[in-house]
Protein chains: 2
Amino acid sequence: MPQRDPLREQIIAQYDAMSPQLQQAARYVLEHPDEVALVSMRELARHAAVQPATMTRLAKFLGKQGYDDIREHYVAALRRGSDGFAAKVRQRNEGARASADGNIAAHMLHGLSAQISRLCEPDSLQRLEAIANTLKSVRKVYVLGLRSCHSVAWHFHYVMSLLGDRSVHLDGPAGTGGDALIRATPEDALLVVSVKPYAVATLELTQLAKDKGLTILSITDSEVSPLVGLSDQTIFCPTESDSFFHTLTPALAISEVLCTLLAEDDRPQALDALQRADEHFLSLNTYSSAIPRRE
Amino acid sequence: MPQRDPLREQIIAQYDAMSPQLQQAARYVLEHPDEVALVSMRELARHAAVQPATMTRLAKFLGKQGYDDIREHYVAALRRGSDGFAAKVRQRNEGARASADGNIAAHMLHGLSAQISRLCEPDSLQRLEAIANTLKSVRKVYVLGLRSCHSVAWHFHYVMSLLGDRSVHLDGPAGTGGDALIRATPEDALLVVSVKPYAVATLELTQLAKDKGLTILSITDSEVSPLVGLSDQTIFCPTESDSFFHTLTPALAISEVLCTLLAEDDRPQALDALQRADEHFLSLNTYSSAIPRRE
DNA sequence: ACACAAATGATTCAACTGTTGCATTCATAA
DNA sequence: TTATGAATGCAACAGTTGAATCATTTGTGT
């Protein structure tokens, strides 16, 4: 499928020699080749969060005479790709063959894609927004997810911790995970993630939080999950997959959507918090090279 | 192949009512739809042997507000067409736009769904299978994912740990995460997950593992990720999302697919391992045994 | 601490974009 | 023929494009 693309290869080859801004521009070009052909340089630069001049400089850096040389390349590629439908038919066939060959991976990915897209049903969206609204209004958010759900809970907490200090992750070594609930009040909420089989510790901690008067929000897998009875609000994530295991990809998607809704609620504050996080990590040398700019 | 194109049909329907010049312009547009998206109006007019103004007039004649409406139509068509794989995605996107009155959640979920479905491209599938094959053949799998990628790495390790003891998670308190590499040998592999911005510690540990002769497999976000140069095999996951944050949902999907491929490789053994895990958890009362009755 | 070079941001400019109003041409009917 | 109205060509427009220039910041070696 990947037709040889000399310019693309050239960009990759010279990438390491570029300045940070040039890298950012180059990376965007690599990831959105069609856009280069379809929009103006300035718009491309805006999307890449880069100065327009940087695109020109990228062209010069690659030895081209100007940005138009780059665009011309991608225009030509797009022309070739779209007109001769021989290429397209070939692509289709390859894809079809791959997925028909009893290819587990393709089948599973299709399934995941469908499950996530099914989360767009009105009912789910409504629940998502409702939970997001509750999360906005509370003082602190305690996040609980054990065993397989740890990844989802942790990720939610991690993103939230970049935005402020309202999130507390209920986890820790030596069974101390629930200790943070000591200071919880009825003005707080517990976001709990659990899918079948439901860990006893999760249910117990949830019950404890409920007794303390916290608002219980849950991400779980079924109407008959034991969490439903304990929760004020619930959103359901599909977990069925081709394999022995439950999938947590839809649950993670839900958690990411929640984070986005929360951040979007107060954009300026979110941007401010992220700015501060950036500076923090910069001074700690946490990340390699440049930290991506946000607009 | 010609998907339903309302504008095209409209042009054909109104063709007979057009003046000769308009017909000439319309004819050229019909026969070279890509050109409309790829070149300027004046150039298009030149190729069609028509006055520039005629193109504007054609747009008005079709009830559009201006030429840009026509161009936008063909740009959109080209965007979708070049995706090749995303015939379904197209429908979804249209649906999303219709139902999304600024609905962030729906838009984001649609995007995630599309990204995952794009992983079904032959190139990605091939990389997935290749990595799975390598993973099958090695002695131990060390799993590394820091910061935002922790969730993916941890989840992979968790699932693998249910299947056997071949997986080692490189994480731990007090910066001891890399210590497990002490006993690593060239017969082992490192599965490393990292997306931009790349944590320095991740790159350093990966380099260390590479020096020790391990096979390096990586899940990362770009051809120009610093991991590419360090890795024997790489699979790419999209990370773009509507929000400030990168999304890790596609990366998690990839990791789950890898787990499935590994488990599927030796079904009986996987089932056996799971059986033993079940018994273990049962004796520990880890999971809530019965789903609570409700009426 | 300093100077120096590279990288980046801001400003400016000529060329080009799509659009519009007006002049010209053309076909047709009286 | 001439009058009439549509179709067409032309020229000028405001806005945008990609590029060049200069000022400022940033990083680096001494």
Side-chain angles (χ1 to χ4, degrees), chain A residues 7 11 14-29 32 35-75 275 278-279 281-285 287-295, chain B residues 7 11 14-29 32 35-75 197 200 224:
Chain A
L7 180 54
I11 294 177
Q14 299 190 237
Y15 184 83
D16 290 324
M18 296 178 191
S19 73
Q21 288 294 301
L22 282 185
Q23 286 190 342
Q24 191 165 330
R27 173 181 272 256
Y28 189 87
V29 170
H32 306 86
E35 295 303 297
V36 180
L38 293 173
V39 309
S40 75
M41 185 195 79
R42 289 174 116 97
E43 202 172 330
L44 193 76
R46 266 187 30 238
H47 291 147
V50 154
Q51 289 262 343
T54 305
M55 288 296 172
T56 300
R57 287 166 180 154
L58 177 64
K60 303 272 185 187
F61 182 89
L62 293 171
K64 308 293 176 187
Q65 205 202 335
Y67 174 80
D68 276 328
D69 289 3
I70 292 186
R71 149 170 294 172
E72 265 313 309
H73 176 91
Y74 285 105
V75 166
Q275 175 75 27
D278 279 355
E279 286 160 12
F281 291 135
L282 197 60
S283 73
L284 278 183
N285 245 328
Y287 291 117
S288 152
S289 74
I291 292 179
R293 275 188 37 136
R294 346 233 180 206
E295 29 193 298
Chain B
L7 180 53
I11 294 178
Q14 298 190 238
Y15 185 83
D16 291 327
M18 295 178 192
S19 73
Q21 288 294 301
L22 282 187
Q23 286 190 341
Q24 189 168 334
R27 187 183 190 96
Y28 190 87
V29 169
H32 308 270
E35 296 302 299
V36 180
L38 293 173
V39 307
S40 75
M41 186 195 80
R42 288 178 118 98
E43 202 172 330
L44 193 77
R46 191 149 5 101
H47 291 145
V50 154
Q51 288 271 340
T54 306
M55 288 297 171
T56 300
R57 287 164 181 153
L58 176 63
K60 304 271 186 189
F61 182 87
L62 293 170
K64 308 292 175 186
Q65 204 202 334
Y67 174 78
D68 275 329
D69 289 3
I70 293 186
R71 147 169 294 174
E72 263 313 310
H73 177 90
Y74 285 106
V75 166
V200 171
V224 293

Integer-rounded Å distance: C:dT17 C1' and A:Glu43 CD: 14 Å

Test salt bridge (Lys or Arg N to Asp or Glu O under 4.0 Å) applied to B:Arg27 - qualifying residues, sequence neighbours left out: B:Glu31

Nearest-nucleotide pick for B:Ser19, side chain only, options being D:dT8, C:dG18, D:dG18: D:dT8

Minimum heavy-atom distance A:Ile70-A:Lys64, with the two atoms named: CG1-CG, 4.3 Å

Interatomic distance where CD belongs to A:Gln65 and P belongs to D:dG18 [whole Å]: 16 Å

Considering all heavy atoms, the nearest A:Met55-A:Ala25 contact: CE-CB, 3.9 Å

Validation row: B:Val36, B:Tyr67 side chains within 4.5 angstrom (heavy atoms): yes

Note, A:Leu62 side chain near A:Met18 side chain (heavy atom, < 4.5 Å): yes

Integer-rounded Å distance: C:dT17 P and B:Leu44 CG: 12 Å

Listed nucleotide nearest any side-chain atom of A:Arg42, set C:dT12, C:dT8, D:dA7: C:dT12

A:Arg71: salt bridge (Lys or Arg N to Asp or Glu O under 4.0 Å) partners, not counting sequence neighbours: none

Strand-adjacent residues in residues 46-61 of chain B, judged by heavy atoms under 4.0 Å from DNA chain C: B:Ala53, B:Thr56, B:Arg57, B:Lys60

Integer-rounded Å distance: D:dT16 P and A:Asp68 CG: 19 Å

